[in-house]
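Structure record follows, encoded as structure tokens.
In what follows, residues are counted from 1 in the order of the sequence shown. All figures in this text were calculated on a predicted structure; none of them were measured in a lab. Below, all heavy atoms of this structure are taken into account, side chains as well, without hydrogens, waters or symmetry copies.
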Amino acid sequence: MRVLHLGKYYPPARGGIEHFLENLLPVLPGEGITPAALVHAHAEGERRWTPFPLWRVPTHGQLLYAPLSPAFPFWLNRMIRDVRPHLLHLHLPNPSAFWALAIPAARGLPWIVHWHADVVPSRIDARLAWAYRGYRPLEQALLKRSRKIIATSPPYRRASPALKPWREKVEVVPLGLDPEHLPPPDPEIRRWAERTWGEGDRLRLLCIGRLTYYKGHRVLLEALTQLEGVRLLCAGGGELAAKLAAQIRQSGLTGRAKLLGEVSDARRNGLLATCDVLVLPSLERTEAFGLVLLEAMAYGKPVIASDVAGSGMGWVVAEDRTGWLVPPGDAATLARRIEFARTHPAARHRAGLTGRRRLCEQFHIQACAKRLAGIYRTVVES
């Protein structure tokens, strides 16, 4: 069975959906599925070879975090002609996927929609609330036309206003990854990571993610001002880099917190392997799952994450077993959780081991691929 995936980007571009596709697509052939993918081109790094057809459509910047790609419908039509898929797998949010509503060749195929996150009418970025007024009718038309909708966690399925009219055709398939894709860092990368952490007996606190409005870096830095004996590294670039750098200087955190910007996958994995705790302080349901939590669990690291109502983060993290949950935006509680992790190394160790087991039992990419292959067959045969 041939399945064409429509995504936003693909690695080396950073992002949860991108890393999920990088894990999923190579293992689908083991379930009898021949994948192909159509994504937007991204300027970051060199393109990677893939064992399946992957086409990258040119883009002309972004508008409200969405790539501008007027050639996308042309390439979608061409790829349908060349690949001859039995099914379209649309990964949302991605406004370019709306072209499937207008292209006859796409309308002639069954679709499933992978609902990675709502487009949240954000209280933090007011522009998104206005933009969603135009986005919602197309989003709902896409959902109506789909045969199946995949949600990534039970809480997100229950809480999503966009999915509410279509819940009878929503199935939950958690995101997954293959821990073997995250090997121990080689000696050179480990030496780089150790130098980057610096000397001293301090808790190594790692935050990975784009420096953007909903990720909560500001709250994390505020929590750090209430702590001693903690070293924070933030890996990722984004539009808030200058503001966060200024906050570090003004809060007297220079030497205790550092923004690394974008780092290579090897260095990112080196930081994960050598940190003590990963923290994900996101503020809104735009953070629908938190795939980076699984990456930390793959390295046996405990996690601290925001318990955002309706997000999958509070479902992925088993409270006091694989890590700890805090109310979003609550710097004082976040500081207390970090301090507990700092002063209880045995609890950190137990949480890391439990997280690794939980990943292999519940969030392995092979289980995800098997579930999706079954859904593909059900949709196509019907």
Notebook entry, point to check: If every non-hydrogen atom of Thr59 is compared with every non-hydrogen atom of Ser69, which pair is closest and at what distance?
Noted result: CG2-CB, 4.1 Å
Checklist line | Gly229 to Arg342 - nearest heavy-atom pair and separation | finding: O-CD, 3.4 Å
Next item on the list: Of all the heavy-atom pairs spanning Arg377 and Gly32, show the shortest one and how long it is.
Entry: NH2-CA, 3.9 Å
Notebook entry, point to check: If only atom types and distance count, is the side chain of Lys169 paired as donor or acceptor with the main-chain N or O of Lys144 below 3.5 Å?
Noted result: yes
Check: Under a 4.5 Å cut-off applied to non-hydrogen side-chain atoms, are Val230 and Arg204 in contact?
Finding: no
Note to self: Any side-chain to backbone donor/acceptor pair from Arg267 onto Ala193? Under 3.5 Å, distance only.
What the structure shows: no
Check: Are side-chain heavy atoms of Val277 and Val303 found at a separation under 4.5 Å?
Finding: no
Notebook entry, point to check: Is a side-chain N or O of Lys8 found less than 3.5 angstrom from the main chain of Pro93, in a donor-acceptor match?
Noted result: no
Checklist line | Test item: side-chain donor near acceptor, Trp197 and Thr274, under 3.5 Å | finding: yes
Next item on the list: May I ask you to test the Leu278-Ile304 pair for a side-chain heavy-atom distance under 4.5 Å?
Entry: no
Check: Given side chains that start at C-beta, do those of His114 and Leu175 come closer than 4.5 Å, heavy atoms only?
Finding: yes
Notebook entry, point to check: Got a donor-acceptor contact below 3.5 angstrom from the Thr50 side chain to the Phe52 backbone?
Noted result: yes
Notebook entry, point to check: Do Met79 and Trp75 belong to the same hydrophobic cluster, where Ile, Leu, Val, Met, Phe, Trp and Tyr are linked whenever their side-chain heavy atoms lie under 4.5 Å apart, directly or via other members?
Noted result: yes
Checklist line | Output field: ring centroids Tyr376/His86 closer than 6.0 Å | finding: no
Next item on the list: Applying side-chain hydrogen bond (donor to acceptor under 3.5 Å, both in side chains), name anything that partners Asn23, two or more places apart in sequence or on another chain.
Entry: His181
Next item on the list: Indicate yes or no: at least one non-hydrogen side-chain atom of Leu177 is less than 4.5 angstrom from one of Pro179.
Entry: yes
With a 3.5 Å cut-off and sequence neighbours excluded, list the donor-acceptor pairs that the side chains of residues 96-112 form with protein atoms.
{"residue": "Ser96", "atom": "OG", "partner": "His40", "partner atom": "NE2", "Å": "2.7"}
{"residue": "Arg107", "atom": "NH1", "partner": "Leu101", "partner atom": "O", "Å": "3.3"}
{"residue": "Arg107", "atom": "NH1", "partner": "Ala102", "partner atom": "O", "Å": "3.3"}
{"residue": "Trp111", "atom": "NE1", "partner": "Ala106", "partner atom": "O", "Å": "2.9"}
{"residue": "Trp111", "atom": "NE1", "partner": "Leu109", "partner atom": "O", "Å": "3.4"}

Next item on the list: Please tell me if the side chains of Ile248 and Leu221 come closer than 4.5 Å, counting only heavy atoms from C-beta onward.
Entry: yes
Item checked: Hydrophobic cluster identity match, Val380 and Leu372, side-chain contacts under 4.5 Å -> yes
Note to self: Do Trp115 and Val172 sit in one hydrophobic cluster, given that two such residues count as connected whenever their side-chain heavy atoms are within less than 4.5 Å of each other, even indirectly?
What the structure shows: no
Check: Hey, are the side chains of Phe20 and Ile365 touching, using non-hydrogen atoms and a 4.5 Å cut-off?
Finding: yes
Margin query: Give me the atom names and distance for the closest heavy-atom approach of Val308 to Pro328.
Written below: CG2-CB, 3.9 Å
Item checked: Euclidean distance, Glu18 CD relative to His91 NE2, rounded to 0.5 Å -> 10.5 Å
Next item on the list: For Ala117 and Ala288, work out which heavy atoms get closest and say how close.
Entry: CB-CB, 3.7 Å
Notebook entry, point to check: Taking only residues at least two apart or on different chains, which pairs with a member in residues 314-346 satisfy ring-ring contact (aromatic ring centres under 6.0 Å, His included)?
Noted result: Trp315-Phe363, Trp324-Phe340, Phe340-His344
Margin query: Any side-chain to backbone donor/acceptor pair from Tyr299 onto Gly270? Under 3.5 Å, distance only.
Written below: no
Check: Quick check: are there more than 12 heavy atoms from other residues, nucleotides or ligands sitting under 6.0 Å from CZ of Arg167?
Finding: yes
Item checked: Sub-4.5 Å side-chain heavy-atom contact between Phe72 and Leu38 -> yes
Notebook entry, point to check: Can you tell which of Leu359, Leu280, Leu293 makes a side chain to side chain contact (heavy atoms under 4.5 Å, CB included) with Val316?
Noted result: Leu293
Notebook entry, point to check: Are Arg336 and Thr333 linked by a side-chain donor-acceptor pair shorter than 3.5 Å?
Noted result: yes
Check: Between Thr212 and Glu239, is any side-chain donor less than 3.5 angstrom from a side-chain acceptor?
Finding: yes
Item checked: Taking every non-hydrogen atom, the tightest pair across Gly323 and Ala351 -> N-CB, 4.1 Å
Checklist line | Check: Glu339 main-chain N/O paired with Thr343 side-chain donor or acceptor under 3.5 Å | finding: yes
